[in-house]
**Student:** 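Quick one: the structure is below, questions incoming.
Residue numbering restarts at 1 for every chain, and letters A, B, ... go by the order of the sequence lines.
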Number of protein chains: 2
Amino acid sequence: MSHLGPDQTRTKILLAAAAEIHRQGFQAASIAHILADTGLTKGALYHHFPSKQALGLAVVDEVVLIGLEARLLTPLREADEPLDTLLAYMDSRIHVMTDDAFKLGCPLNNLVQEMSLVDDEFKAHLDHILQTWQAVIEHTLIRGQEQHRIRGDVDCNAAALFIVSAWEGCWGMAKNRQSAHTFRLCMTQLQQFVLSLAPRA
Amino acid sequence: MSHLGPDQTRTKILLAAAAEIHRQGFQAASIAHILADTGLTKGALYHHFPSKQALGLAVVDEVVLIGLEARLLTPLREADEPLDTLLAYMDSRIHVMTDDAFKLGCPLNNLVQEMSLVDDEFKAHLDHILQTWQAVIEHTLIRGQEQHRIRGDVDCNAAALFIVSAWEGCWGMAKNRQSAHTFRLCMTQLQQFVLSLAPRA
DNA sequence: AAAGATTCATACCGGTTGGTATCTAGAGAG
DNA sequence: CTCTCTAGATACCAACCGGTATGAATCTTT
């Protein structure tokens with residue numbers, strides 16, 4: 001019977017775990033549920049991952065971080081006009097996303113809120129994501145300053161911190177309201193904040 | 001031996017539950033821990049509260065909401081210059097609070113992130129708090145418009161939504177970084193946002 | 001083809017969870 | 001003094017949790 005090869009089952013478990021964690025949170029995520037979703041058994045899981053914590057950290061590193069890199073960070077780093085790229089990405093988030101996407105909230109934010117004070121390893125991995133995210137935004141703003149699209153007196157470090165924080169805050173509110181409309185309204189205000197950093201016409 | 005009267009034991013349980021939930025989150029909160037903290041037993045708890053969920057909702061209604069009302073909402077409603085009151089409250093948060101206060105994050109935000117999609121009753125009670133909070137901020141901004149301290153073209157509803165969202169986002173980031181410095185930096189940017197709503201000098 | 005290492009399944013474990021049934025002690029009413 | 005109602009204690013339960021030990025295939029190496 002059907003062995004798919006070790007890598008495929010590993011990623012199968014990884015994706016099922018990511019989905020379960022996204023729905024239930026990490027602590028409430030049940031290994032039994034993950035295995036039921038995959039059709040596999042505990043032997044398979046504990047062969048590829050030494051513990052539930054290790055599985056969770058793998059989800060953070062290999063699903064959440066990689067996804068953010070591919071969607072936002074890499075495009076932002078390689079952009080010629082990073083400020084426009086950032087605003088355009090926020091636009092795409094505002095207009096494209098559907099209600100369903102918010103029902104479960106932002107996977108990163110969910111884990112940050114739940115795990116940062118419960119588990120130091122989680123906190124470290126999650127903080128790494130937030131730090132690189134913030135750093136990329138800060139670099140975007142600095143390049144915006146060089147292009148005279150952002151005022152020189154703006155504290156890019158603090159502004160980047162706020163943008164990331166407010167971004168997650170918008171997710172959280174939209175998750176509670178269960179509405180894309182809320183997210184759109186909220187995210188548009190964040191755009192206004194970014195635009196308020198520009199020099200006065 | 002020492003009966004304190006039913007009301008005192010009820011609030012004793014309520015406060016211990018609030019603390020435990022603040023530390024562990026609701027789902028991970030253990031009634032055994034709560035009872036160990038109070039020195040009481042299950043008989044006492046399940047006499048006053050029919051279930052763990054009911055206990056959690058009581059914490060939301062009687063601790064979290066009442067606390068927010070006393071600290072911010074009531075002062076804001078009664079203020080003659082509500083915009084200054086809001087900015088001053090943000091100032092007090094920025095300057096007064098210590099590192100310890102952030103280690104556990106915002107009790108409201110923690111519960112919103114954890115429970116809003118897991119339990120509909122929780123979602124309803126938490127949403128009620130967020131709605132009234134947002135409404136009070138919106139009313140503050142509208143009164144600011146009447147006093148010509150806020151531009152007339154500002155969408156006060158959206159701005160209030162964003163302020164509450166970003167506020168919680170600042171909490172979340174500070175909780176992950178475990179630093180009051182992060183909160184101060186972040187909250188100061190939120191103040192800047194509010195000030196950016198004022199008419200240009 | 002024999003030997004060894006992967007890959008996964010099955011069965012089981014101790015511990016913890018929220019919840020309940022039962023009992024006792026005290027307070028107030030008649 | 002007794003009856004009743006409330007407040008709280010004790011003991012117990014089934015369900016679920018993450019984790020492990022063992023065994024059976026299958027693949028790789030020699």
Side-chain angles (χ1 to χ4, degrees), chain A residues 1-60 62 111 114-115 118-122 125, chain B residues 1-60 62 111 114-115 118-122 125:
Chain A
M1 269 276 283
S2 76
H3 275 220
L4 307 163
D7 287 356
Q8 301 187 39
T9 59
R10 205 194 101 102
T11 61
K12 195 172 177 182
I13 294 173
L14 204 62
L15 293 180
E20 168 79 358
I21 291 174
H22 196 188
R23 276 171 302 196
Q24 312 277 0
F26 174 77
Q27 302 184 87
S30 160
I31 299 198
H33 287 170
I34 296 174
L35 295 174
D37 287 346
T38 59
L40 295 169
T41 60
K42 288 197 174 180
L45 195 155
Y46 280 95
H47 173 73
H48 290 282
F49 303 95
S51 68
K52 186 190 179 187
Q53 187 207 25
L55 175 60
L57 294 178
V59 168
V60 171
E62 301 177 36
L111 286 172
E114 178 189 3
M115 297 304 296
V118 167
D119 186 297
D120 282 337
E121 300 241 14
F122 261 94
H125 286 242
Chain B
M1 269 274 284
S2 77
H3 275 219
L4 307 162
D7 288 356
Q8 301 187 40
T9 59
R10 204 193 103 101
T11 60
K12 195 172 176 181
I13 293 174
L14 203 63
L15 294 179
E20 168 80 359
I21 291 174
H22 196 189
R23 275 171 302 196
Q24 312 277 358
F26 174 77
Q27 303 184 86
S30 161
I31 0 193
H33 288 170
I34 297 174
L35 296 173
D37 287 346
T38 59
L40 296 169
T41 60
K42 288 198 174 178
L45 196 155
Y46 280 95
H47 174 72
H48 290 283
F49 303 94
S51 67
K52 186 191 179 186
Q53 187 207 27
L55 175 59
L57 294 178
V59 168
V60 170
E62 300 177 37
L111 285 173
E114 178 189 2
M115 298 304 296
V118 167
D119 186 297
D120 282 337
E121 299 242 14
F122 262 93
H125 286 242

**Student:** Looking at A:L45 and A:L55, what are the two nearest heavy atoms and their distance?
**Tutor:**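 In this case the closest contact between A:L45 and A:L55 is CD1-CD2, 4.2 Å.
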**Student:** In this structure, how many angstroms lie between the C1' atom of D:dC27 and the CG atom of A:D7, rounded?
**Tutor:**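 My rounded result for the distance is 14 Å.
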**Student:** Rounded to the nearest Å, what distance is computed from the OH atom of residue B:Y46 to the P atom of nucleotide C:dT22?
**Tutor:**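 Going from B:Y46 (OH) to C:dT22 (P), I get 18 Å.
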**Student:** For the pair made of NE2 in B:H47 and P in D:dA7, what is the distance, rounded to whole Å?
**Tutor:**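 One finds 3 Å between P of D:dA7 and NE2 of B:H47, rounded.
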**Student:** Testing the basics here: between A:A16 and A:T38, what is the closest heavy-atom pair and its distance to 0.1 Å?
**Tutor:**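 Smallest heavy-atom distance, with atoms named: CB-CG2, 3.4 Å.
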**Student:** Please report the interatomic distance CD1(B:I13) to NE2(B:H48), rounded to the nearest 0.5 Å.
**Tutor:**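 Taking CD1 in B:I13 and NE2 in B:H48, the distance rounds to 5.5 Å.
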**Student:** Answer with yes or no whether B:K42 presents, from its side chain, a donor or acceptor under 3.5 Å of a partner atom in the base of D:dG8.
**Tutor:**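 Answer is no: no donor-acceptor pair is held.
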**Student:** State which residues pass side-chain hydrogen bond (donor to acceptor under 3.5 Å, both in side chains) with A:Q27; sequence neighbours excluded, sorted by chain then number.
**Tutor:**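 Partners of A:Q27 by the side-chain hydrogen bond (donor to acceptor under 3.5 Å, both in side chains) criterion, ordered by chain and then number, come out as A:E114.
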**Student:** Can you give me the closest heavy-atom contact between B:I21 and B:G56, atom names plus distance?
**Tutor:**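 Residues B:I21 and B:G56, closest heavy atoms: CD1-CA, 4.3 Å.
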**Student:** Salt bridge between A:D37 and A:R23, side-chain N to carboxylate O under 4.0 Å?
**Tutor:**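 Yes, A:D37 and A:R23 are salt-bridged.
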**Student:** Quick one, which residues of residues 26-41 of chain A touch DNA chain C with a heavy atom under 4.0 Å?
**Tutor:**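 A:L40, A:T41 - these, ordered by number, are the residues of the stretch whose heavy atoms sit under 4.0 Å from the strand.
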**Student:** Could you state the CD-C1' distance from B:E20 to C:dG18, rounded to the nearest angstrom?
**Tutor:**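 Atom CD in B:E20 sits about 14 Å away from atom C1' in C:dG18.
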**Student:** Closest approach of B:K52 and B:F26, non-hydrogen atoms and distance?
**Tutor:**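 Heavy-atom minimum between the residues: NZ-O, 3.0 Å.
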**Student:** From NE2 of B:H48 over to P of D:dC5, roughly how many Å is that when rounded to an integer?
**Tutor:**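 After rounding, the reported distance stands at 19 Å.
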**Student:** If you round to the nearest 0.5 Å, how far is CE of A:M115 from CD of A:Q53?
**Tutor:**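 Those atoms lie 7.5 Å apart.
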**Student:** Listed in order of residue number, which residues of residues 49-57 of chain B have a non-hydrogen atom at under 4.0 Å from DNA chain C?
**Tutor:**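 Residues of residues 49-57 of chain B that come under 4.0 Å of DNA chain C are, in numerical order, B:S51, B:K52.
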